[in-house]
Amino acid sequence: MSGLPHSPHALVTGGGRGIGRAIAATLAGAGATVTVLGRNMATLDAVVGAGAAHFAAVADVSDEAALKSAIAEASARQPIDILIANAGSAESAPFLKSDSALFARMMDVNFMGVVHAIRGVLPGMKDRPYGRIVAIASTAGLRGYGYVSAYSAAKHAVIGLVRSLALEMAASNVTVNAVCPGFTDTDLVAGSIENIVKKTGRSREQAIAELARHNPQGRLITPQEVADAVLWLCGEGAGAITGQAIAVAGGEI
């Protein structure tokens, strides 16, 4: 597998924990200079302190002005070659109890956060000899799940954006792809597990099994498995892979 070009600069949004932290550490281990971006500086500093990233920047991806400023600061150190648009959040509710504010929150973070990040890096990336944009979507962007209609709609929108932008960028050296994890062993899924426990009275083990049943392999995905897929897409040998939504889901999709 072809690796990364010499010392590219990677920006990972939502890089403080879970999938984002695993991606940051994997890219750093492969030779990239990595900037992690998130909302909590102490969390990000811990990532840098652990050697999983080199720099940190604070911004909420739903705040376009703040994100643009953070990206400009990171780009001033070194032009950004790789964007991993990972930041996101999930809320669950029946559709009739999912009000407009819930839909707006899910779209602002999970979709517009990706839009803002891409708009921040693409002007400087599109004319460079190498560029990679990877959005971390979800299997919820490839199929539906009950009680997360707003989240699923936002993730479907991310995949539509990826497919369209990939066509616009096809004549450049920038590829645009999505990675779609199934239920992954992260803080976000831990919240879903706790909700199942509270609402159903099941044990934590039973709640994990309830989520893992979606995966034919019968287990949760690990953040490292997602990070490995991202690393491949960022490699020079993946230059012909663009406009794809790759499921990391144990055969669920």
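Bear in mind the structure is a predicted one, so any value in this text is a computation, not a measurement.
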Derivation of the side chain to side chain contact (heavy atoms under 4.5 Å, CB included) call for Asp185 and Thr222: CA-CA 6 Å; Asp185 191 7; Thr222 69; 5.7 Å; no
Audit row: Leu4, Leu231, side chain to side chain contact (heavy atoms under 4.5 Å, CB included) steps and yes/no: CA-CA 8 Å; Leu4 302 178; Leu231 177 61; 4.2 Å; yes
Test log, rule side chain to side chain contact (heavy atoms under 4.5 Å, CB included), inputs Leu220 and Asn215: CA-CA 7 Å; Leu220 297 178; Asn215 178 340; over 6 Å; no
Test log, rule side chain to side chain contact (heavy atoms under 4.5 Å, CB included), inputs Leu122 and Met169: CA-CA 10 Å; Leu122 191 57; Met169 293 292 105; 3.8 Å; yes
Side chain to side chain donor-acceptor pair (under 3.5 Å) between Ser98 and Tyr147, worked out: CA-CA 9 Å; Ser98 300; Tyr147 305 102; over 6 Å; no
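Rounding to the nearest 0.5 angstrom, the gap separating the CG atom in Leu233 from the OG1 atom in Thr242 is 9.5 Å. Summarising the geometry, atom OG1 belonging to Thr26 is positioned 3.5 Å from atom CD belonging to Gln224; distances are rounded to the nearest 0.5 Å. Annotation: the span from Ile80 atom CD1 to Gln78 atom CD amounts to 9.0 Å, rounded to 0.5 Å. Atoms CD1 and NE2, on Ile221 and His214 in that order, are 12.5 Å from each other to the nearest 0.5 Å. Going from atom OG1 of Thr175 over to atom CZ of Arg132 covers 4.0 Å, rounded to the nearest 0.5 Å.
The pair Glu225-Arg219 meets the salt-bridge criterion, since a charged nitrogen lies less than 4.0 angstrom from a carboxylate oxygen. Taking a cutoff of 4.0 Å between a charged side-chain nitrogen and a carboxylate oxygen, Asp81 and Arg128 qualify as a salt bridge.
Taking every heavy atom of both residues into account, Val36 and Ala53 meet most closely at CG1-CB, 3.7 Å. Ala52 approaches Ala28 most closely through the heavy-atom pair O-CB, 3.9 Å. When all heavy atoms of Asn110 and Gly88 are compared, the closest pair comes out as OD1-CA, 3.2 Å.
Of the listed residues (Glu73, His54, His9), just one forms a side-chain hydrogen bond (donor to acceptor under 3.5 Å, both in side chains) with Thr35, and that residue is His9.
No continuous path of ILVMFWY side-chain contacts below 4.5 Å connects Leu167 to Val115, so the two sit in separate hydrophobic clusters. A continuous path of hydrophobic side-chain contacts links Val158 to Met107 [ILVMFWY only; heavy atoms under 4.5 Å]. No continuous path of hydrophobic side-chain contacts links Ile82 to Val121 [ILVMFWY only; heavy atoms under 4.5 Å]. Hydrophobic clustering, with ILVMFWY side chains joined whenever heavy atoms are under 4.5 angstrom apart, groups Val47 together with Val58. Cluster membership check: Leu83 shares its hydrophobic cluster with Leu165, using side-chain heavy-atom separations under 4.5 Å among Ile, Leu, Val, Met, Phe, Trp and Tyr.
Atom CZ of Arg204 has 12 or fewer neighbouring heavy atoms from other residues, nucleotides or ligands inside a 6.0 Å radius. Counting non-hydrogen atoms of other residues, nucleotides and ligands closer than 6.0 Å to CZ of Phe103 gives a total above 12.
Residues Tyr145 and Ser152 have side chains not in contact (no heavy-atom distance under 4.5 Å, counting atoms from C-beta outward). Inter-residue side-chain proximity for Pro8 and Thr33 is flagged as unmet; no heavy-atom pair is nearer than 4.5 Å. Proximity of Leu37 to Leu67: side-chain heavy atoms (C-beta onward) are separated by under 4.5 Å at one or more points. Ile84 places none of its side-chain heavy atoms less than 4.5 Å from the side chain of Ile133. Between Leu96 and Pro94 the shortest side-chain heavy-atom distance does not fall below 4.5 Å. Proximity of Ile246 to Trp232: side-chain heavy atoms (C-beta onward) are separated by under 4.5 Å at one or more points.
In terms of modelled atom types and a separation under 3.5 Å, the side chain of Lys155 and the main chain of Phe111 share no donor-acceptor contact. Under a 3.5 Å cut-off, the side chain of Ser75 and the backbone N or O of Ile71 do form a donor-acceptor pair. The backbone N or O of Ala140 sits less than 3.5 Å from a side-chain atom of His156, completing a donor-acceptor pair.
Pairs passing the salt bridge (Lys or Arg N to Asp or Glu O under 4.0 Å) check and including a residue from residues 100-121, sequence neighbours excluded, read Glu64-Arg119, Glu91-Arg105.
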Atom pairs and distances, donor-acceptor, side-chain atoms in residues 12-22, under 3.5 Å, two or more places apart:
unit_1: Thr13; atom_1: OG1; unit_2: Asn86; atom_2: N; d: 2.9
unit_1: Thr13; atom_1: OG1; unit_2: Ala87; atom_2: N; d: 3.0
unit_1: Arg17; atom_1: NE; unit_2: Asp187; atom_2: OD2; d: 3.2

Side-chain atoms of residues 177-184: list all donor-acceptor pairs with protein atoms under 3.5 Å, sequence neighbours left out, distances to 0.1 Å.
unit_1: Asn177; atom_1: OD1; unit_2: Gly243; atom_2: N; d: 3.3
unit_1: Asn177; atom_1: OD1; unit_2: Gln244; atom_2: N; d: 3.0
unit_1: Asn177; atom_1: ND2; unit_2: Ile241; atom_2: O; d: 2.8
unit_1: Thr184; atom_1: OG1; unit_2: Gly182; atom_2: O; d: 2.8

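Side chain to side chain, Ser89 and Tyr151 fail the donor-acceptor criterion of an N or O pair below 3.5 Å.
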